[in-house]
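Here's the structure, in structure tokens; my notes come after.
Read the numbers this way: they start at 1 and go in the same order the structure lists the ligands and their atoms.
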Amino acid sequence: MINAAIIGLGYIGKVHLRTLLRIPGVKVVALAGRRREPLEELAAQYGIPKVTADYRTLLEDPSIDVIHNCTPNHLHYEVNHAFISAGKHILSEKPLGRSSQETGALAKLAEEKDVLTAINFCYRYYPAVQEAAVKVSREELGSIYTVMGSYLQDWLLYDTDYDWRLEQSFTGSSNVIGDIGSHWFHLAQFIVGSQITEVMADLKTTLPIRKKPEADGTYAEYPVKVEDYGSVLLHFANGASGVFTVSQLAAGKKCAIDVQVYGSQSALRWNHEQPTELWLGHRDKPNEVLMESPQLQQAESKRYALLPTGHPMGYHDAVYNLFTDFYENLHLKNQGKALTIPLPDFWEGHREVLITEAILQSHREKRWVRVGE
Ligand SMILES: NC(=O)c1ccc[n+]([C@@H]2O[C@H](COP(=O)([O-])OP(=O)(O)OC[C@H]3O[C@@H](n4cnc5c(N)ncnc54)[C@H](O)[C@@H]3O)[C@@H](O)[C@H]2O)c1
């Protein structure tokens, strides 16, 4: 058995917990959070032996092999650094850190300590997205001309909507680009198999003054320094051009991710509102919709389609596919074998932070910026 601990049991920490319970050969042995009481309830429900309100007490625990870091952004560096130094493998939440200085140091340290790393860039693990990447790699679309899309949400529409993601001390220097933008550009780069090299950005803090709820039911005004909207022009290494828009003030849109790829022969589109479908666009014959399917997908992607055709997989299953790849790699590593399954590792997490920084710089300086410039 491989023993895992989860740190931070908010929204995504509970997704990690529910998903880990499905992974064979893995046991959740500890939960760490800010307060013990809610963790004790969870631990009792799921039969987890250990809870702690101080994650540092897990550092020297020899029974723990893997850490799932699900804390807010400001703790990613501190927690990842501490556990990598202690020789633990890490599956971390995104963004990997608040600056490329932090994330570059983490990726390097993980390499030196020879620990396995991954970031929960889960959307690429939908079977239809995997199939999209296979189609591009097999040149079924021809040369890639254009990559376009958006990631839209509405949970920050009103000035009374509040979250730690709006405060720089927790979120870092970017809100919407680092939070959901990073998901979009990770996905776009994965599908087209090519990196974003240059960006030109227009960002906005639509509501610069918001109302933060107080304990007595009233609100306190506070200034917001981070963006809640962004549109970014892109250049890719393969010569493609692109553009994406992200917003958390798009009424009616909850988790609407859209990626469209146009090539010299045909096109494709994946949309998270219909995640089991892959739209295929043609000029000289009728368009098609491919439904996720172990029968209809190609050899390289069908292992992610776990259910018979017509039975839709979902968000938990995408996370499950990522975790399965991570733990299969860890089993290989523990047996001293070569790691054969690609993962969104800490170097990829570092790269997404470099893209976020280039986008912020481009907006400040009103010009194209090379990633890592
Ligand atoms: N991959 C994804 O699709 C995805 C989705 C949601 C969130 N996230 C990322 O996950 C992270 C957490 O987001 P969330 O939405 O779950 O936030 P959240 O606020 O719901 O949960 C964060 C949890 O961390 C706990 N915490 C705070 N300080 C801690 C400490 N010192 N030690 C241990 N626990 C501590 C909080 O008590 C809370 O339970 C963020 O970095 C976010 O970007 C990723």
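Remark: side-chain polar atoms of Ser247 are paired, donor with acceptor, to backbone N or O of Leu249 under 3.5 angstrom. The backbone N or O of Pro95 lies less than 3.5 Å from a partner atom in the side chain of His76, making a donor-acceptor pair. The closest donor-acceptor contact from the side chain of His311 to the backbone of Pro308 lies under 3.5 Å. Counting only distance, with no hydrogens or angles, the side chain of Thr57 and the backbone of Asp54 share a donor-acceptor pair below 3.5 Å.
Pro72 CD, 4.0 Å is the protein heavy atom nearest to atom 26 (N) of ligand 1. At the top of the distance list for atom 41 (O) of ligand 1, counting protein heavy atoms only, stands Asn73 OD1, 2.6 Å. Looking only at heavy atoms of the protein, atom 5 (C) of ligand 1 is closest to Ile12 CD1, 3.5 Å. For atom 36 (C) of ligand 1, the closest non-hydrogen atom of the protein is Arg34 NH2, 3.9 Å. Of the protein's heavy atoms, Thr71 O, 3.3 Å lies nearest to atom 11 (C) of ligand 1. Protein heavy atom at the shortest distance from atom 6 (C) of ligand 1 is Tyr11 CE2, 3.3 Å. When only non-hydrogen protein atoms are considered, atom 34 (N) of ligand 1 lies nearest to Gly33 CA, 3.5 Å. What sits closest to atom 21 (O) of ligand 1 on the protein, heavy atoms only, is Gly10 CA, 3.3 Å.
Under a 4.0 angstrom heavy-atom cut-off, Lys14 registers as lying outside contact with ligand 1. At a 4.0 Å cut-off, at least one heavy atom of Trp164 sits close enough to ligand 1 to count as contact. Using a 4.0 angstrom heavy-atom cutoff, His76 counts as in contact with ligand 1. Look at Phe170 and you'll find every heavy atom at least 4.0 Å from all atoms of ligand 1.
Tyr315 and His272 have perpendicular rings, their planes meeting at more than 60° on a 0 to 90° scale where under 30° would count as parallel. Using bins of under 30°, 30° to 60° and over 60° for the plane-to-plane angle, the ring pair Phe190/His186 lands in the parallel bin. The aromatic rings of His183 and Tyr123 sit perpendicular, their planes meeting at an angle over 60°, well past the 30° parallel limit.
When each atom of ligand 1 is checked for a heavy atom of Leu75 under 4.0 Å away, the hits are 28 (N), 29 (C), 30 (C), 31 (N). In summary, the atoms of ligand 1 found under 4.0 Å from a heavy atom of Leu9, numbered by their order in the structure, are 39 (O). Of all atoms in ligand 1, listed by their number and element, those nearer than 4.0 Å to a heavy atom of Tyr315 are 3 (O). Every atom of ligand 1 is numbered from 1 in the order shown, and the set under 4.0 Å from a heavy atom of Cys70 is 12 (C), 22 (C). For ligand 1, the atoms sitting less than 4.0 Å from at least one non-hydrogen atom of His183 are 1 (N), 2 (C), 3 (O), numbered in the order shown with element in parentheses. If you number the atoms of ligand 1 from 1 as listed, the ones under 4.0 Å from a heavy atom of Cys122 come out as 3 (O).
Nearest to atom 8 (N) of ligand 1 by heavy-atom distance, out of Glu93, His186, His74, is Glu93.
When only modelled atom types and interatomic distance are considered, Arg165 and Gln248 share no side-chain donor-acceptor pair under 3.5 Å. Gln130 and Glu292 are not linked by any side-chain donor-acceptor pair at a separation below 3.5 angstrom, with hydrogens and angles left out of the test.
For a threshold of 3.5 Å applied to N or O pairs, the pair formed by Pro95 and ligand 1 contains no separation below that value. Polar contact with ligand 1: present for Arg165 (N/O pair, distance under 3.5 Å).
You'll find the ring centres of Tyr125 and Tyr320 outside the 6.0 Å limit.
Contacts with ligand 1 closer than 4.0 Å are made by side-chain heavy atoms of Ile7 only, the backbone lying farther away.
Under a hydrophobic-cluster definition in which Ile, Leu, Val, Met, Phe, Trp and Tyr are linked whenever side-chain heavy atoms come within less than 4.5 Å, directly or via other members, Ile12 and Val319 are assigned to the same cluster.
Counting heavy atoms from C-beta outward, Glu131 and Glu300 have side chains that stay 4.5 Å or more apart.
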- Message: ring pair (Phe, Tyr, Trp, His ring centres under 6.0 Å) for His235 and Trp368? Distances and angles first, verdict last.
- Response: CA-CA 10 Å; His235 288 158; Trp368 282 94; 4.0 Å; yes
